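We count residues from 1, following the sequence as given. What you see is a predicted model; the values in this text were computed from it and never measured.
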Amino acid sequence: MTLSIAHVTIDCENAGALAEFWSRLLDTPVDPGPTPEFATVGRTTGAATALMFLRVPDKNPGKNVIHLDLLASDGDEVGRAIDLGAKHVGDFDEWGMKWTTLADPEGNLFDIAAE
């Protein structure tokens, strides 16, 4: 038996709204039928890994255990993320890599590294 990733699931307060943020950031449409309770990005377009957003009213406070590491090949993707509603958390230069940590509109952390 072989395992593969079906989705990266993000607990949130408003699934449809957060899916819209990630849709715009990744330039991938929100899949049909988003609601405040459930939404996906990339499932119907054949993305290698789809994002799934689930409304969870009692989300754990603090740092999320799983986060996305994104790789920017060109342009100011950090600035674009901030323009879309992300919050700048910090810049890092460790282990031979440079990246910026951001928080999406609901506080979920993600990183953008330069290629």
Side-chain angles (χ1 to χ4, degrees):
M1 185 169 143
T2 302
L3 295 175
S4 61
I5 297 172
H7 301 98
V8 173
T9 304
I10 300 170
D11 294 347
C12 57
E13 294 176 18
N14 185 324
L18 198 55
E20 181 62 31
F21 167 83
W22 283 100
S23 166
R24 292 175 61 201
L25 183 63
L26 298 173
D27 197 27
T28 303
V30 174
D31 295 317
T35 69
E37 289 76 30
F38 175 82
T40 58
V41 171
R43 189 171 45 113
T44 60
T45 61
T49 302
L51 300 179
M52 181 166 57
F53 302 87
L54 297 173
R55 182 180 179 278
V56 177
D58 57 350
K59 192 171 110 172
N60 288 338
K63 185 180 185 305
N64 47 304
V65 178
I66 297 174
H67 67 269
L68 300 178
D69 288 335
L70 308 176
L71 184 61
S73 58
D74 58 14
D76 181 17
E77 295 301 318
V78 170
R80 192 167 75 84
I82 291 168
D83 289 345
L84 290 171
K87 177 184 172 193
H88 181 265
V89 174
D91 296 305
F92 302 90
D93 184 354
E94 298 175 358
W95 308 300
M97 295 191 64
K98 293 180 180 181
W99 72 93
T100 298
T101 297
L102 301 128
D104 71 17
E106 289 197 7
N108 300 301
L109 299 179
F110 65 100
D111 296 327
I112 297 179
E115 195 170 43

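Side-chain contact between Asn108 and Leu68: absent, with no pair of heavy atoms (C-beta onward) separated by less than 4.5 Å. Side-chain contact check for Asp91 versus Val78: every heavy-atom pair is 4.5 Å or farther apart. Considering only heavy atoms from C-beta on, Trp99 comes within 4.5 Å of Glu94 through its side chain.
For the residue pair Pro105 and Gly85, the shortest heavy atom distance occurs at CG-O, 3.9 Å. Of all non-hydrogen atoms in Val41 and Asp31, the two that sit nearest each other are N-OD2, 3.4 Å. What you find for Ala39 and Pro34 is that their closest heavy atoms are CB-CB, 3.8 Å. Residues Ala15 and Glu37 share a closest heavy-atom pair of CB-C, 3.6 Å. Counting all heavy atoms, side chain and backbone alike, Asp104 lies closest to Phe110 at N-CE2, 3.6 Å. Residue Val89 comes nearest to Ala103 through the heavy atom pair CG2-N, 3.8 Å, listed as atom of the first residue, atom of the second, then distance.
Going from atom CG of Leu109 over to atom CG of Asp69 covers 11.0 Å, rounded to the nearest 0.5 Å. Taking NZ of Lys98 as the reference point, atom CG of Asp111 lies at 15.5 Å (rounded to 0.5 Å). A distance of 10.0 Å separates NE2 of His88 from CD1 of Ile112, quoted to the nearest 0.5 Å.
Under the 4.5 Å side-chain heavy-atom criterion for ILVMFWY residues, a single connected hydrophobic cluster contains both Met97 and Phe92. Under the 4.5 Å side-chain heavy-atom criterion for grouping Ile, Leu, Val, Met, Phe, Trp and Tyr, Ile82 is connected to Trp22 within one hydrophobic cluster.
For Leu84, the side chain to side chain contact (heavy atoms under 4.5 Å, CB included) partners two or more places apart in sequence, or in a different chain, are Phe21, Arg24, Leu25, Arg80. The ring pair (Phe, Tyr, Trp, His ring centres under 6.0 Å) check on Phe38 picks up nothing, with sequence neighbours excluded.
In Asp93, the CG atom is crowded: over 12 heavy atoms of neighbouring residues, nucleotides or ligands sit closer than 6.0 Å.
Although no hydrogens or angles enter the test, the distance criterion places a donor-acceptor pair under 3.5 Å between the side chain of Glu106 and the main chain of Glu13. A donor-acceptor pair under 3.5 Å is absent between the side-chain atoms of Thr49 and the main chain of His7, judged by distance alone.
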Please step through side-chain contact (heavy atoms from CB on, under 4.5 Å) for the pair Leu26 and Leu51, ending with a clear verdict.
-> CA-CA 11 Å; Leu26 298 173; Leu51 300 179; 3.7 Å; yes
